[in-house]
Structure formats: structure tokens, C-alpha cells
Amino acid sequence: MRAKIRQMRLSERHVALVQHASLSDEMPPPPEGMRAATTDDYNATINELLGTEPHTGEVWFFAYGSLIWKPACDFVEMRTGVVRGWHRAFCLGWNNRFRGSDENPGLMLALDRGGACKGVLYRLPADRIDENLTKLLEREMGWLPSAFPPRWVNVQSGERTIRAITFCIDRHSGRYISGLTVEAIADVLAKAVGNRGSMAEYLFATVRHLEDMGIHDPHLWQLQNLVAERIEAAYAVNR
């Protein structure tokens with residue numbers, strides 16, 4: 001029997017309170033020192049990725065954050081799995097466009113070294129691998145140089161070990177953020193809003209979908225409680 005779904009403190013009501021920016025899917029201009037990726041860039045990355053792995057007829061990618069609830073490309077199979085040697089962390093900063101502003105920049109999730117991460121595997125259609133990898137890269141690698149470039153990892157899913165593409169933080173990128181307390185991260189997530197929405201929405205959707213799939217992340221669960229607490233205090237609302 002499936003375990004009882006935990007009741008999140010962070011809710012759509014909290015998200016609505018802070019979701020005040022004008023939402024848009026348009027790509028903003030890249031930050032200083034970066035440039036927009038091109039079709040040639042995507043093709044070169046795809047060729048490099050596929051050229052380093054034995055051809056098995058299957059290409060999977062591993063989602064740990066927003067790709068869980070907004071995959072960005074087509075897939076024909078989905079399953080949960082765990083990648084070891086990497087953990088999910090709010091370590092990609094500072095975001096002052098998509099889900100943050102100059103006044104309140106946001107922190108995004110990436111995989112950082114150490115620990116383990118439970119997430120979701122998606123298998124791409126075998127006859128449209130390049131097309132869908134391009135869609136994935138357009139979503140996750142819009143600017144270069146990338147702070148979290150794609151790479152292959154081993155993902156354990158049941159009895160299978162699956163090679164999958166995912167996005168891991170480059171600690172030397174200049175956008176790697178570490179050493180923040182959970183309270184400091186919650187302060188950021190409770191305030192940051194950009195043209196694609198708020199960090200509160202990003203956290204809410206990620207935790208909700210993980211829980212729906214039977215994946216409980218204690219760190220994110222603590223964060224959703226702290227973020228809800230801060231929003232309630234800022235907007236003087238009852239829990």
C-alpha cells in the first residue's frame with residue numbers, strides 16, 4: 001500500500017502571494033561575459049555527448065529539479081532512479097532574470113558533488129534523439145559558457161544501471177554558491193521573483209512532484225516549511 005502523502009506547508013496560496021512579476025517565456029539577454037548558445041553549439045555538444053558513449057539505441061536524461069515537472073522535450077518512458085556521488089542543491093547563482101531580480105536574485109538547483117540524489121529518468125524517442133536533445137539543451141544551456149554543463153552519470157533504477165545525461169555544477173564557473181545555511185537559502189527562495197515566476201513556485205512544484213512520485217528529499221522538505229513561514233510573516237497571513 002502506498003504511503004500517505006505528506007502535507008506540505010508551502011502551498012499555491014503562498015506562491016500566489018509572491019508571484020507578482022510579469023511572466024514570460026522569452027529568453028532575456030545573457031549576463032555580461034556570456035553569450036547566447038547557437039544551433040552549432042547545440043550540435044557540437046550533442047555530437048560530443050553521443051560520441052563518448054557506446055551506441056545502445058537508448059538515450060536517457062536524469063531530472064532532479066524543474067525538468068521533473070517540465071521536461072522540455074518528448075519522452076517515451078519515465079522511471080525513478082538514484083545517482084550516487086552527486087546531490088541536489090541550491091548552488092547555482094545568482095539568477096536575476098528567470099526567477100530573480102537585481103534586488104532579490106534567485107538560487108537554482110544543480111547537482112553538486114557528494115552524497116546521492118533520487119530523481120526521474122526520461123527515455124527519449126529513439127527516432128528523434130537529436131531533436132529532443134536540442135530542446136533539452138535550449139532549455140538548460142541557453143547561455144555559454146554553461147555553469148552546469150551536461151555530462152553522463154550512472155543512475156540506479158531497480159535492477160538496472162542506466163547511463164543518463166544530466167546537468168552538474170561547474171564549481172569553477174563563478175556561479176557556484178556554497179556555504180549558505182538552510183535559513184539563508186530559505187530567505188532567498190521566499191523573495192526572489194523573475195520573468196518565469198518565483199523561487200517559491202519552483203520549490204513548491206519540485207517538492208510536490210517528488211512527493212507524488214514517492215521521493216522524499218529531507219533538505220527540500222525543510223526548505224518548503226521555512227519558505228512558507230517567511231511568506232506568512234512577510235504578508236501577515238495565517239498558516
Side-chain angles (χ1 to χ4, degrees), residues 10 28 30-34 37 45 61-70 72 81-120 136-137 139-155 164-210 215-227 230:
L10 186 63
E32 185 177 354
M34 304 184 76
T45 300
F61 72 90
F62 178 75
Y64 52 81
S66 62
L67 285 174
I68 293 174
W69 41 275
K70 195 174 181 181
V82 58
V83 59
R84 304 193 186 280
W86 300 89
H87 67 282
R88 182 189 291 110
F90 279 101
C91 62
L92 176 59
W94 290 100
N95 190 300
N96 62 355
R97 286 166 167 77
F98 299 115
R99 292 188 183 270
S101 63
D102 291 337
E103 296 76 18
N104 292 300
L107 276 170
M108 309 298 290
L109 285 171
L111 288 184
D112 195 8
R113 290 196 175 274
C117 176
K118 293 181 180 179
V120 182
L136 183 64
L137 294 177
R139 162 84 173 276
E140 298 297 299
M141 204 180 77
W143 298 326
L144 294 176
S146 174
F148 59 133
R151 59 169 294 157
W152 292 97
V153 292
N154 291 325
V155 186
I165 296 168
T166 195
F167 297 86
C168 300
I169 193 71
D170 175 2
R171 288 187 171 186
H172 303 291
S173 69
R175 295 183 62 196
Y176 175 58
I177 306 298
S178 65
L180 296 179
T181 65
V182 66
E183 289 80 10
I185 296 172
D187 288 342
V188 171
L189 303 186
K191 296 177 182 177
V193 185
N195 73 329
R196 290 190 183 172
S198 67
M199 288 306 316
E201 178 194 36
Y202 180 92
L203 177 64
F204 169 75
T206 302
V207 175
R208 185 187 66 183
H209 282 78
L210 285 172
I215 300 173
H216 181 66
D217 184 313
H219 177 59
L220 293 193
W221 190 261
Q222 182 182 14
L223 278 172
Q224 65 85 24
N225 185 71
L226 292 173
V227 168
R230 282 154 173 73

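Checked options Leu203, Leu180, Ile177, Asp112; the residue passing with Phe90 is Leu203 (criterion: side-chain contact (heavy atoms from CB on, under 4.5 Å)). When each of Leu189, Val188, Asp187, Val182 is tested with Ile185 by the rule side-chain contact (heavy atoms from CB on, under 4.5 Å), just one qualifies, namely Leu189. Screening Gln224, Arg88, His87 for a side-chain hydrogen bond (donor to acceptor under 3.5 Å, both in side chains) involving Asp217 leaves a single residue, Arg88.
Atom-to-atom distance recorded for Phe62:CZ and Cys168:SG is 9.5 Å, nearest 0.5 angstrom. With values rounded to the nearest 0.5 angstrom, Leu111 atom CG is found 9.5 Å from Arg151 atom CZ. Between the CZ atom in Phe167 and the CH2 atom in Trp86 there is a gap of 13.0 Å [rounded to 0.5 Å]. Residue Leu107 holds its CG atom at 9.0 Å from CG of Asn95, rounded to the nearest 0.5 Å. One distance of note links OG1 of Thr166 with CG of Asn154; it measures 12.0 Å at 0.5 Å rounding. Interatomic distance, CG of Leu67 versus OG1 of Thr206, reported as 9.5 Å (0.5 Å rounding).
Of all non-hydrogen atoms in Ala164 and Val155, the two that sit nearest each other are CB-CG2, 4.0 Å. Pairing each heavy atom of Ser66 with each of Arg139, the nearest pair is OG-NH2, 3.0 Å. For Ser173 against Tyr176, the heavy-atom pair with the smallest separation is OG-N, 3.7 Å. Between Arg99 and Ser198, the shortest heavy-atom contact is NH1-O, 2.9 Å. Between Ile169 and Ala110, the closest heavy-atom pair is CB-CB, 4.1 Å. For Val82 against Ala116, the heavy-atom pair with the smallest separation is CG2-CB, 4.1 Å.
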Stepwise, does the side-chain contact (heavy atoms from CB on, under 4.5 Å) test hold for Leu109 with Tyr202? CA-CA 10 Å; Leu109 285 171; Tyr202 180 92; 3.3 Å; yes
Should Lys70 and His209 be marked as a side-chain contact (heavy atoms from CB on, under 4.5 Å) after you check the CA-CA gap, both sets of side-chain angles, and the distance that decides it? CA-CA 10 Å; Lys70 195 174 181 181; His209 282 78; over 6 Å; no
Using the rule given for side-chain contact (heavy atoms from CB on, under 4.5 Å), can you reason through Ile68 versus Leu210, listing the C-alpha separation, both sets of side-chain angles and the distance that settles it, and then say yes or no? CA-CA 8 Å; Ile68 293 174; Leu210 285 172; 3.5 Å; yes
Kindly indicate, with the supporting measurements, whether the criterion ring pair (Phe, Tyr, Trp, His ring centres under 6.0 Å) is fulfilled by Trp143 and Phe98. CA-CA 13 Å; Trp143 298 326; Phe98 299 115; 5.3 Å; yes
The test is side-chain contact (heavy atoms from CB on, under 4.5 Å); show your working for Met34 and Leu144 and say whether it passes. CA-CA 5 Å; Met34 304 184 76; Leu144 294 176; over 6 Å; no
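In this structure, Ile165 and Pro150 have side chains that are in contact, with non-hydrogen atoms separated by less than 4.5 Å.
Residues satisfying the side chain to side chain donor-acceptor pair (under 3.5 Å) test with Arg208, not counting sequence neighbours, are none.
Under a 4.0 Å N-O distance rule, the pair Asp170/Arg175 does not qualify as a salt bridge. The pair Arg196-Glu201 fails the salt-bridge criterion, with no side-chain N (NZ, NE, NH1 or NH2) lying under 4.0 Å from an Asp/Glu carboxylate O.
The closest donor-acceptor contact from the side chain of Tyr64 to the backbone of Val120 lies at 3.5 Å or more, if one exists at all.
For Arg171, the CZ atom sits in a packed shell: over 12 heavy atoms of surrounding residues, nucleotides or ligands are nearer than 6.0 Å.
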